[in-house]
Amino acid sequence: MASETIDIQVAKEIQDVNQQPAYYTGTALHLAFNVEGSKYNPWTWSMTRLYLVLSCAYLCGCLNGYDGSLMGGLNGMKSYQEYFHMTVAGSSTGITFAMYNIGSVAAVFFTGPTNDRLGRRAGMFIGSAIVIIGACIQAPAVSHKMFLGGRFVLGLGVSFCCVSAPCYVSEMAHPRWRGTLTGLYNCTWYIGSIIASWVVYGCSWLHQPGAWRIPVWCQLITSAIVCLGVFFLPESPRWLVAQDRVEDATKILAKYHGEGSTTHPIVQLQLKEMASQIRTDSSDKKMWDYHELWNTHSARRRLICVIGMACFGQISGNSLSSYYLPAMLKSAGITDQHIVLMLNGINPALSFLGALLGARLTDKVGRRPLLLYTTIFCAICFAVITGTSRLANPTIDTTIDHVGNAAAANTTVAFIFIFGIVFSFGWTPLQSMYIAETLPTNTRAKGTAIGNFVSAVASTVIAYLSGPAFQNIHYYFYLVFVFWDLFEVVIMYFYFPETKDRTLEELEEVFAAPDPVKKSLEKRSAMTVINTLGPEKVAVAMLVELEDKIQIDNYEARLYFAFLRRPLQAWEYIDIAATKCRLLLSYAPQNETSEDQECMRRIFWSCYILESDYLAELSSLPQSGIGPIESSIPLPGQYNTHSTTQEEEQSSLYFLACISMRRLLNRVHHVLYARESGVSLDNARFPSIVLELDHQLEEWREFLPAAFNFSLDTEKTATEHGGFLRQRYLTCQSVIYRPYLTWVLTSYTDALTISESVLHRCKSCLDACLLHILNLRGFMHTVLIDTWICSLSMTGAMLILLAAYRLPVLRHLVGEEVLRAGSHLKRCIQSWSEVLGPPNSPSVDQSLRMICEIDDIMQQEHHEKKEYRLR
C-alpha cells in the first residue's frame, strides 16, 4: 500500500483548520518508527561534547548550592556569631536567611523576559555577574546591614541563574536521557553545598575574627567560571527555533544529538515537533505577557504542577537541614562548634549520593513514584526525629538518663541524615527538571520564573518562621512537616502527571487530556508523535466536524480504525468511502476545481489499493464496486504533497508503482484463484498463464525508477520505497508460482517423478515466501496501518514453508534460513505491537501464536531429522 494512502488531503485541511504548516501523517509515522528503531549510545563523541556543554550550566546549580548552604555553616561559626552578635536561632537569624530569598523574589519579573528576549546563555551570564557583585558587597561587610545588602544582591543574581540554567539543560539534553541529564542539574546543588560546608568547617579552626569572610569570598569561583564559560556554549535549539533561526538550531541538534547528521531521526523529530509547537505569536515574544500560563486547561494543569513543585520543594522540611542544622542538632543536645560543622559537611555529601542515584532512576522508575514514596518516607523521618529529639533533650524531660540521651541524640542525627538522603533521592533531581518539563517552550522561561518566585516566597516564609519556631516550640516544630508532607502526597497523587519517556513537545498530549494523570500513565505510542505533529488529531476531529465533506470523513475513519487494528470497522468505512468516490467521480459537483478532481482521484486510488489488500486476505468481504471502474479513472497526476519537487516526483512515482503492482496482483488473483474462473487447479492451463504473469511481473520490475531498484536477497535497499516494493514483488511472485507447489503437495507419491522444471518453479515460490519473511521491515504503513494484514499473510507464508519442509522432495528446496524466519517474524510483530500500544489485536495475537507453533515444529523436525510422506 502506498504511503500516499495516508497523505491525501490532510495537509490542505490542516492549513485551513490550524493555519500553520502541515506535517503529513506519513512523515509522523515514519519519524516515530525510525526514532524508536534507532540505537543510541551515551558514550559517543557527540554525547561527550554535550556533557561538556551541560557542565557549565551545572555550575549554576553548584553556585546556587554554595550560596544557599553557606549561611547554614556560617550560622554555626563562632567568628560569625561574635562579629555580628548573632545566635543559631531567632528573629535576626531568620531575616538574614530570608534576605537571600527576598532578592530572588525581586528578580522574578525580570528573569523570564530576559531569557525569552536575550536567550538562555544571556540569562546565565547576567545572573553570574550579579552574584559576583553580591559577593563583593557581602565579603567585606563591616555591618549587618551591609551583609544583608550583599545577601539581597546574591539572591537577585541566583534567581537569573536558576531560571536560565534548568531551561538550558532541559532544552539541550538528549531526549533519550533527558531525565538523567536534567535531574543532574539539581544534584549539583549538593556539590556547591558540600564545598561550602567543608570550607566553613576548615575556617572554623582559624582563630581570627575575619575567618567567616573566606567562605564568602569563595562564592566568586563558580560564578566567575559561569560568567566566562557561557561565551563558549551553543544557544538552546528551542530558543533558536522560537526566534526563526531554524538552520542554527538544526546544526546544534545535529552536532550534539545526531552524531553530526542533520537527517538523523532524533534531529528531524525534534525539529518538526518544535516547529509544530512553537508559534511566532506566542507570549514569549511579548515581554510582559504571562497570560499563556493560565489561559487554557492545559496551561492551568501545567501551572498547578509548577506552583506545587516550587512550593513543596521548599517547605517539605529540607530547608531545616540546609539553614537550621545547628538548631536541629542543638535540640538533640549537640552544641560543640566543630562537631556541628563537621556534621554540616557530612549531611550534603550523603545527600549528594542519594541525589545522583535518584537522577539515574528518574528515567527508570519515573517521576511520580519517586515523588510520592520519598515524600511519605520524609513524613516518617520527621515523626521519628520528633520523638528522638524529645528523648535527647534533657531540658524538656529530666527523667531520661544520660545514656538514653546519647542514644536518642545519635538516632536523631542518623534520621536527619536519612531524611537528607531520602529527600535528595526523590526531590533534588526533580525540582528543576519537573518544572522545566511541564512547561512548553513559549512559556518555559516565564513559567520557571514564576516557579522561582513561588519557591522564593515559600523559602522566605519558612526561613524566617523557622528561627522563632525553634526558639519557642523546639522539636515540636517537626510535627508540622509530618502532616504537611502527607498533604503534599495527596495533591501530587491527583494532580502531578508522569513525564517519563516523552519529548518536551509530546507532553502537550498529556496536559491537554481531561485527566492528565491518567493519560500520562498510558504507554507512549506512535500516536503520541502523530498528535504532537498535529495532522492525525485534526483528521480524527474531521470525522465528527466535517460531515459535509463526504469525500474525506470515511477515508480518515478507515485509517483510524486500521490503526486500532479493528479490521471489520476499518473495512466498513473504506467500503463507504469507496462507494462515495464512485458517486463523486460519476457526478462531479458543479464548482469542482482541477485540484479537487486530483484530490478525489488520489482518494479513489488509495481506496482501490486498500480494498484490494483487504480482499486478498478476507475474500468473503463484499466489494464496493470500485474495482470494475478502475480502468476508466485517470491515474494520479501532479499534486502538491511535498516541500520539494524531487520529493514530490519520487512520491508520485512510488504511488504509481504501488497502483500498477496492485493491479497486477488483482489480475493474478482473478486469473488463477477466482472461485468460478480460476485455473490454478487446472494442470493443463495454469503453466502457460503462470509464464505470462511472470513475464508481466518482470516487466514491472524492469521499468521501476532507479531510486526504487532492489535485489532479490536480504540486502538493504537504497530507499524505504524500494524495500516495500520488493515485498510487493515477492508477494506477487509467490502467488504466481503457487499452483506448481499446490500440485506437488496434492499429487506427490513415491511413484511420481517430478521434473526439474517443476521443482525449479516450486523453488521460485518457496524462495519468494522465505525472502518475503526475511525482508520484512518496519515500513511505516505496515506497522501502523496494516499490521494485522501483514500478520495474516506472513502466517500463510509460514504454513506454505512448513508444508514444503515436511515433504522430502521439497525439503531441500527450502534451505536452512527457514529456521530463523519464525524468530524474525515474532520479533517484528511483537515490536510493532509495542509501538502501537494496547489494546492488542486478537487477529495479530492469533497469527503470532500460529507463527510460533510453526517455527517450533520446524525447529524440532530439523533437530530430529524427521521426514514425512504425503499419501
Side-chain angles (χ1 to χ4, degrees), residues 72 89 91 94 97-98 101 303-332 347 351 354 358 367-393 396-397 408-409 411-428 430-431 434-435 451 454-497 517:
S91 180
F97 288 156
N101 298 308
L303 190 60
I304 289 172
C305 295
V306 170
I307 293 175
M309 200 70 187
C311 181
F312 297 163
Q314 297 302 320
I315 58 178
S316 299
N318 53 307
S319 295
L320 299 185
S321 60
S322 297
Y323 293 148
Y324 289 97
L325 184 61
M328 296 178 75
L329 296 175
K330 183 179 179 181
S331 70
N347 187 41
S351 297
R367 284 56 156 165
R368 272 173 58 88
L370 282 179
L371 289 173
L372 293 173
Y373 292 121
T374 54
T375 307
I376 292 173
F377 199 85
C378 285
I380 296 172
C381 286
F382 273 119
V384 174
I385 292 171
T386 304
T388 55
S389 295
R390 180 179 184 279
L391 295 174
N393 200 322
I396 303 299
D397 191 344
T411 305
T412 300
V413 173
F415 269 89
I416 290 173
F417 287 169
I418 291 172
F419 167 81
I421 294 171
V422 172
F423 181 87
S424 60
F425 178 79
W427 278 87
T428 299
L430 294 174
Q431 276 182 276
Y434 194 77
I435 290 175
V454 173
S455 177
V457 170
S459 187
T460 301
V461 171
I462 200 69
Y464 180 75
L465 294 181
S466 296
F470 272 118
Q471 195 172 40
N472 295 312
I473 62 175
H474 308 290
Y475 45 74
Y476 289 112
F477 185 43
Y478 300 138
L479 292 176
V480 173
F481 297 101
V482 173
F483 295 104
W484 177 259
D485 285 354
L486 294 177
F487 169 75
E488 289 179 0
V489 170
V490 175
I491 297 299
M492 290 187 294
Y493 182 82
F494 288 105
Y495 289 99
F496 281 31
V517 172

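Nothing here was measured: the structure is a model prediction, and the numbers come from that model.
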Participant: Working to the nearest 0.5 angstrom, can you tell me the gap between D485 CG and I315 CD1?
Facilitator: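 These two atoms lie 9.0 Å from each other.
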Participant: Check for me whether the distance between the ring centres of W484 and F487 falls short of 6.0 Å.
Facilitator: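 Between F487 and W484, which both carry aromatic rings, the centre distance is below 6.0 Å.
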Participant: In a table with atom names and distances, give each donor-acceptor pair under 3.5 Å that connects a side chain of residues 376-385 to protein atoms at least two apart or in another chain.
Facilitator:
none

Participant: Show the nearest heavy-atom pair for residues L370 and F425, with the distance to one decimal.
Facilitator: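 The pair with the smallest heavy-atom distance is CD2-CE2, 3.4 Å.
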Participant: Taking the side chain as everything from C-beta on, heavy atoms only, tell me whether F415 gets closer than 4.5 Å to T388.
Facilitator: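 They are not in side-chain contact.
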Participant: Are the side chains of F481 and I462 in touch, meaning some heavy atoms are under 4.5 Å apart?
Facilitator: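 Yes - at least one pair of side-chain heavy atoms lies under 4.5 Å apart.
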Participant: Look up atom CD1 in I421 and atom CG in N347, then write down how far apart they are to the nearest 0.5 Å.
Facilitator: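 The CG atom of N347 is 8.0 Å from CD1 of I421, to the nearest 0.5 Å.
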Participant: Applying salt bridge (charged side-chain N to carboxylate O under 4.0 Å, His left out) as the test, list every pair that has at least one member in residues 464-480; sequence neighbours left out.
Facilitator: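 Residue pairs with at least one partner in residues 464-480: there are none.
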Participant: Does anything in residues 367-376 form a side chain to side chain donor-acceptor pair (under 3.5 Å)? List the pairs, not counting sequence neighbours.
Facilitator: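 Residue pairs with at least one partner in residues 367-376: D363-R367, R367-E437, R367-T499, T375-W427.
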Participant: Can you name the side chain to side chain donor-acceptor pair (under 3.5 Å) partners of Q314, sequence neighbours left out?
Facilitator: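 Side chain to side chain donor-acceptor pair (under 3.5 Å) list for Q314, sorted by chain: S455.
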Participant: Which residue pairs pass the side chain to side chain donor-acceptor pair (under 3.5 Å) test when at least one of the two sits in residues 414-425, sequence neighbours left out?
Facilitator: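 Passing the test, one end in residues 414-425: no pairs.
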Participant: What residues, two or more places apart in sequence or in another chain, satisfy side chain to side chain donor-acceptor pair (under 3.5 Å) together with S316?
Facilitator: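 Once residues adjacent in sequence are excluded, the partners of S316 under the side chain to side chain donor-acceptor pair (under 3.5 Å) criterion are E488.
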Participant: For a quick test of reading the model, state the closest non-hydrogen atom pair linking Y478 to S389 and the distance between them.
Facilitator: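 Scanning both residues completely, I find the closest heavy atoms to be CE1-OG, 3.7 Å.
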Participant: How long is the straight-line distance from CD1 of I307 back to CZ of F312, given to the nearest 0.5 Å?
Facilitator: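 If I round to the nearest 0.5 Å, the distance is 10.5 Å.
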Participant: Got a second to check how far I304's CD1 is from I491's CD1, nearest 0.5 Å?
Facilitator: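 Rounded to the nearest 0.5 Å, the CD1-CD1 separation comes to 9.0 Å.
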